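One structure is given below, encoded as structure tokens.
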Amino acid sequence: MKPPKSSDGSEKTKNPEQSNRRDFLKSAGLAGLGLSATPFFLSSCNTKTEADQKQSPILSERDTLQFPQGFLWGTATASYQIEGAANEDGRGKSIWDTFSHTPGKIVNNDNGDIACDFYHKYKEDIQLIKSLNAKAYRFSISWSRIFPDGAGTPNQKGIDFYNRMVDELLANGIQPFATLFHWDLPQTLQDKYKGWQSKETSKAFADYAGFMAEKLSDRVNHFFTLNEMWTFIELGHGNGLHAPGLKLSPAELYQARHHAVLAHGLAVQAIRAQSKTGTKVGIAENVKVAVPLIETPENCKAAEIATREINAGYLTVVMEGKYAEAYLKKAGADAPIFTEDELKIISAPTDFCGINIYNPECYVKASSNEAGYQIIPFAKSHPTSTSPWELLAPETLYWGAKHVQNLWNVKEIYVTENGYSSTDEVTPDNQINDTDRIMFLRGYLSQLQRATAEGVPVKGYFYWSLVDNFEWAMGFNTRFGLYYMDYKSLKRIPKLSVEYFKAMALKNSVL
Ligand code: GBH
């Protein structure tokens, strides 16, 4: 609880947060912030002198939104979205190469052949990460660079690329967080086994995961198995909007989901078996978050119940080792075929939980109905980013972390993705004034800070994304980056939000 403050701020001298603020302002030649003159976040809203600012109740209020010591600031990307070099150094094809080269699947028929050319520009991009004051970077490994056919003979040149990149990160004081699967399934596995429709793919994933953990765990401490099971199964196999573009029957879809969670569990085991002692492993799932409409205790509980049920086929079974009754009941004859042994594997203990959170799944209220909650539909005018699916509600970040802790007693949580797509117009003098992204960051991070202040064990935050990139079915025109990408020249241009992120990461606080 914050102590009450009088309007002249007089009792604040007793407030320990006050000295915190004073120290901050003392360094407010602000060389310490790496921002030469008065930084924008102090100067832009008023023209007061430094002495005046010491009296500002607004500033001291902001200064209380501190994250815990050691909180990690980072950005996230994924292999197919940034690497390019699609046909270099022995890389095999993935289902996203096939899909993006199928006319009509991607806006503008864009593809990831070149993307941001990170494969060649990784050194430059690591300098961009560094200049954000970020101390962590979440990247994904292209499975078909390592095993061009998904399994069998590894491709040393692919391994070398990730070795070089990891070494470069470490040399720049940035912790690597490696995701083993961010949707670019080797095409061979799709052709041979129908990809996620078969358990063979789950097994092949575990073999590849163990192999990479063995190669990298001397330098990489954190591995994520799968990124967003929900997305690659539901969109890839349910409505066909993502690769491999299938629309399976309900029974086939339930089974594919099961193979995804099984792949996660098998990979956890393989990573444990083949990595250096102390290596940490977890998942990165876009947990669907139910947000209480009004934060009464009843509604909060209802939102928790709803969150557990909505994620039943994914995070819930991973965390609990059983399919929720309501889930199986709803599936009826279409329910997946599984064994008790598989459930044990699926729920193999992990070290942390990664949550990708952009938008709320729904608002809920408590109800006396059987489910215990009632879903409130979104207003037609509910604000979004330039991505129509990205309904905005900053408190989703708070509730996402809170539900995960309350439901499953998770000891370490990372926000593995959170980001905003903007129009990002470039002015004639090459400025990108993404004030909307700054608004987004301030709102969402304030809610994340609220969670950490309550003791929810959130250890870090990865903004999606470092740089604009291949936004899957939306192609290159949807921009989530902190850096703008000029796709013609491949030049990266810092947006205004770079300045904002940089200041927050340095101060470890919402500003
Ligand atoms: C993340 O997914 C991904 O992990 C990342 O690769 C991606 O770039 C980032 O978000 C931004 O989108 O087109 O209407 O069918 C976030 C969850 C699920 C959000 C799929 C977009 C597509 C909705 N995503 N969804 S639609």
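In each ligand, atom 1 is the first atom listed, and ligand 1 is the first ligand listed. We count residues from 1, following the sequence as given. Values in this document were obtained by computation on a predicted structure and should not be read as measured data.
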Distances under 3.5 Å, N/O of ligand 1 against N/O of the protein: list each pair and its distance.
{"unit_1": "ligand 1", "atom_1": "2 (O)", "unit_2": "Glu228", "atom_2": "OE1", "d": "2.8"}
{"unit_1": "ligand 1", "atom_1": "2 (O)", "unit_2": "Glu228", "atom_2": "OE2", "d": "3.0"}
{"unit_1": "ligand 1", "atom_1": "4 (O)", "unit_2": "His182", "atom_2": "NE2", "d": "3.2"}
{"unit_1": "ligand 1", "atom_1": "4 (O)", "unit_2": "Asn227", "atom_2": "ND2", "d": "3.1"}
{"unit_1": "ligand 1", "atom_1": "4 (O)", "unit_2": "Glu228", "atom_2": "OE2", "d": "3.3"}
{"unit_1": "ligand 1", "atom_1": "4 (O)", "unit_2": "Glu417", "atom_2": "OE1", "d": "2.9"}
{"unit_1": "ligand 1", "atom_1": "4 (O)", "unit_2": "Glu417", "atom_2": "OE2", "d": "3.0"}
{"unit_1": "ligand 1", "atom_1": "6 (O)", "unit_2": "Gln81", "atom_2": "OE1", "d": "2.8"}
{"unit_1": "ligand 1", "atom_1": "6 (O)", "unit_2": "His182", "atom_2": "NE2", "d": "2.8"}
{"unit_1": "ligand 1", "atom_1": "6 (O)", "unit_2": "Trp472", "atom_2": "NE1", "d": "2.8"}
{"unit_1": "ligand 1", "atom_1": "8 (O)", "unit_2": "Gln81", "atom_2": "NE2", "d": "2.9"}
{"unit_1": "ligand 1", "atom_1": "8 (O)", "unit_2": "Trp464", "atom_2": "NE1", "d": "3.1"}
{"unit_1": "ligand 1", "atom_1": "8 (O)", "unit_2": "Glu471", "atom_2": "OE1", "d": "2.6"}
{"unit_1": "ligand 1", "atom_1": "10 (O)", "unit_2": "Tyr358", "atom_2": "OH", "d": "3.2"}
{"unit_1": "ligand 1", "atom_1": "12 (O)", "unit_2": "Glu471", "atom_2": "OE2", "d": "2.5"}

Open item on the list: Quiz question: by atom type and distance under 3.5 Å, do the side chains of Asp191 and Thr188 form a donor-acceptor pair?
Closed with: no
TODO: State, without any angle test, whether Ser465 and Thr77 hold a side-chain donor-acceptor pair at a distance under 3.5 Å.
DONE: no
Task: Under 3.5 Å side-chain donor-acceptor pair for Asp113 and His101 - done: yes
Open item on the list: Given 3.5 Å as the limit, does a donor-acceptor pair link the side chain of Asn299 with the main chain of Lys365, or not?
Closed with: no
Task: Residues Glu499 and Lys502 bridged, charged N to O under 4.0 Å - done: no
TODO: Indicate whether any N or O donor in one side chain lies under 3.5 Å from an N or O acceptor in the other, for His120 and Glu88.
DONE: yes
